[in-house]
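Please read the structure below before turning to the comments.
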Amino acid sequence: MNFTPLLANPLSPTFYYIGIQSVEVNGKKLDIDSSIWEFDDEGNGGTIMDSGTTLTFLAEPAYVEILNAFDDEIKYPKIFDPALGFDLCINVTGVEKVSLPLLSFRFVGNSVFSPPVTNYFIDAADDIMCLALQSVTSPLGFSVFGNLMQQGYLFEFDREDSKLGFSRHGCAHP
């Protein structure tokens with residue numbers, strides 16, 4: 001099991017806040033200032049793990065960097081359809097085995113969260129897959145790792161020792 005500290009936010013003491021040090025797409029570290037993931041002195045911002053939220057929502061500056069990195073790496077035809085509700089969708093018609101970039105988050109404490117592609121690319125329609133991330137545009141908002149991103153992991157929320165443990169579990173283990 002890997003661990004990262006749970007952070008205390010006096011504004012929202014019931015949420016499970018974590019710290020993110022960096023993000024990589026296909027092993028390339030993105031140029032995202034780590035302060036993007038932190039909460040301010042008033043308790044605004046930050047990053048939480050929330051199994052009650054489906055999608056993953058990221059602070060806009062980080063989201064834009066991640067979106068651009070995926071856009072650069074993906075070679076499948078892009079689909080621009082606002083009705084799908086996502087900023088990056090691809091046409092995979094006739095593709096037997098879809099190969100997409102890998103996303104990794106380095107948490108405070110140097111643990112690395114590298115979910116499988118199916119945790120952040122979803123089937124949005126027949127032969128169309130979309131990056132299941134959304135942007136948080138409000139400076140008062142916070143980033144959220146939703147339950148799609150958490151699938152296939154066992155999480156241990158240890159409030160007593162202020163840490164979050166996670167590991168790939170059971171049939172989801174590679």
Side-chain angles (χ1 to χ4, degrees), residues 2-12 14-76 78-80 82 84-90 100-122 124 129-153 155 157 163-166:
N2 296 290
F3 290 94
T4 187
L6 284 174
L7 306 176
N9 183 344
L11 183 68
S12 304
T14 59
F15 287 136
Y16 298 108
Y17 280 88
I18 58 168
I20 298 174
Q21 291 177 321
S22 62
V23 180
E24 292 183 1
V25 172
N26 263 0
K28 297 175 189 167
K29 185 177 175 184
L30 303 183
D31 187 22
I32 301 170
D33 190 308
S34 61
S35 68
I36 293 297
W37 309 107
E38 299 170 358
F39 47 83
D40 64 21
D41 292 338
E42 284 82 46
N44 301 306
T47 305
I48 66 168
M49 284 283 181
D50 184 23
S51 62
T53 301
T54 303
L55 298 177
T56 291
F57 294 85
L58 303 173
E60 188 173 38
Y63 172 79
V64 168
E65 285 293 322
I66 293 168
L67 182 66
N68 289 339
F70 274 108
D71 193 43
D72 289 346
E73 292 282 328
I74 292 174
K75 304 306 177 210
Y76 301 107
K78 311 292 189 309
I79 301 291
F80 300 101
L84 293 171
F86 298 100
D87 293 326
L88 177 60
C89 296
I90 56 173
L100 294 167
L102 301 177
L103 176 64
S104 295
F105 296 86
R106 181 171 301 279
F107 295 152
V108 170
N110 278 330
S111 59
V112 177
F113 182 69
S114 299
V117 170
T118 54
N119 286 27
Y120 50 89
F121 265 95
I122 60 171
M129 295 181 75
C130 296
L131 181 62
L133 304 176
Q134 296 286 315
S135 177
V136 176
T137 56
S138 169
L140 304 179
F142 48 83
S143 295
V144 179
F145 277 71
N147 61 43
L148 283 178
M149 191 69 82
Q150 298 174 37
Q151 288 181 359
Y153 281 85
F155 285 91
F157 294 88
K163 63 183 180 178
L164 170 67
F166 60 94

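The structure displayed is predicted, hence computed values, not measured ones. Position 1 is the first residue of the sequence; numbering continues from there.
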Margin query: Strictly distance-based, threshold 3.5 Å: is any side-chain N or O of N26 a donor or acceptor partner for the main-chain N or O of P101?
Written below: no

Next item on the list: Kindly write out the residues that satisfy side chain to side chain contact (heavy atoms under 4.5 Å, CB included) with F39, not counting sequence neighbours, or none if the list is empty.
Entry: L7, N9, Y17

Margin query: Less than 6.0 angstrom separating the ring centers of F15 and F142, yes or no?
Written below: yes

Next item on the list: Could you go through the side-chain contact (heavy atoms from CB on, under 4.5 Å) check for V23 and E65 one step at a time?
Entry: CA-CA 10 Å; V23 180; E65 285 293 322; over 6 Å; no

Margin query: Just to verify, what does S114 make a side chain to side chain contact (heavy atoms under 4.5 Å, CB included) with, not counting sequence neighbours?
Written below: S104, V112

Notebook entry, point to check: NZ of K78 to CD1 of I90: how many Å apart, nearest 0.5 Å?
Noted result: 8.0 Å

Check: What are the two closest heavy atoms between T4 and G19, and how far apart are they?
Finding: OG1-O, 4.2 Å

Checklist line | Exam field: side chain S34 to backbone Q21, donor-acceptor pair closer than 3.5 Å | finding: no

Margin query: Could you work out, with side chain to side chain donor-acceptor pair (under 3.5 Å) as the rule, every residue matching T53, not counting sequence neighbours?
Written below: D50

Check: Which atom pair, heavy atoms only, marks the closest approach of G146 to T56?
Finding: N-OG1, 3.2 Å

Margin query: Going by side chain to side chain contact (heavy atoms under 4.5 Å, CB included), name the residues that satisfy it together with F86, two or more places apart in sequence or in a different chain.
Written below: L55, C89, I122, C130, A132, Q134

Check: Can you find a heavy atom in the side chain of L88 that is under 4.5 Å from one in the side chain of I74?
Finding: yes

Margin query: To the closest 0.5 Å, what do you measure between CG (L103) and CG (L133)?
Written below: 7.0 Å

Next item on the list: Indicate the ring-plane relationship of F107 and F166, choosing parallel, tilted or perpendicular according to the 30° and 60° boundaries.
Entry: perpendicular

Next item on the list: Show the numbers, then the answer: is there a ring-ring contact (aromatic ring centres under 6.0 Å, His included) between F155 and Y16?
Entry: CA-CA 11 Å; F155 285 91; Y16 298 108; 10.0 Å; no

Checklist line | Partners meeting salt bridge (charged side-chain N to carboxylate O under 4.0 Å, His left out) with D72 (sequence neighbours left out) | finding: none

Note to self: Checking I18 against V108 for the side-chain contact (heavy atoms from CB on, under 4.5 Å) test, could you report, in this order, the C-alpha distance in whole Å, the side-chain angles of both residues, the deciding distance, and whether it holds?
What the structure shows: CA-CA 8 Å; I18 58 168; V108 170; over 6 Å; no

Margin query: Taking side-chain hydrogen bond (donor to acceptor under 3.5 Å, both in side chains) as the cut-off, I'd like each qualifying pair that reaches into residues 137-149, sequence neighbours left out, listed once.
Written below: none

Next item on the list: Heavy atoms only: give me the nearest Q150-S51 pair and the separation to one decimal.
Entry: NE2-N, 3.7 Å

Next item on the list: Can you tell me which residue pairs pass the salt bridge (Lys or Arg N to Asp or Glu O under 4.0 Å) test with a partner in residues 25-46, sequence neighbours excluded?
Entry: K28-E73

Note to self: Under the rule for ring-ring contact (aromatic ring centres under 6.0 Å, His included), what residues qualify as partners of Y120, not counting sequence neighbours?
What the structure shows: F70

Checklist line | Separation between CD1 of I48 and OG1 of T14, rounded to the nearest 0.5 Å | finding: 8.5 Å

Check: To the nearest 0.5 Å, how far apart are CD1 in I20 and CG in L58?
Finding: 7.0 Å

Next item on the list: Would you check if Y76 and M129 make a side-chain contact, meaning some heavy-atom pair closer than 4.5 Å?
Entry: no

Note to self: Applying ring-ring contact (aromatic ring centres under 6.0 Å, His included), can you list everything that pairs with F105, at least two apart in sequence or on another chain?
What the structure shows: F145

Item checked: Under the side chain to side chain contact (heavy atoms under 4.5 Å, CB included) test, residues paired with K75 that sit two or more places apart -> none

Next item on the list: Report the residues that fulfil side chain to side chain donor-acceptor pair (under 3.5 Å) with Y63, sequence neighbours left out, ordered by chain and then residue number.
Entry: D87

Check: How far does CD of E24 sit from CZ of R106, to the nearest 0.5 angstrom?
Finding: 6.5 Å

Check: Does a side-chain heavy-atom distance below 4.5 Å link L30 with N68?
Finding: no

Margin query: Is there a side-chain contact (heavy atoms from CB on, under 4.5 Å) between N44 and L11? Walk through the geometry before answering.
Written below: CA-CA 8 Å; N44 301 306; L11 183 68; 3.9 Å; yes

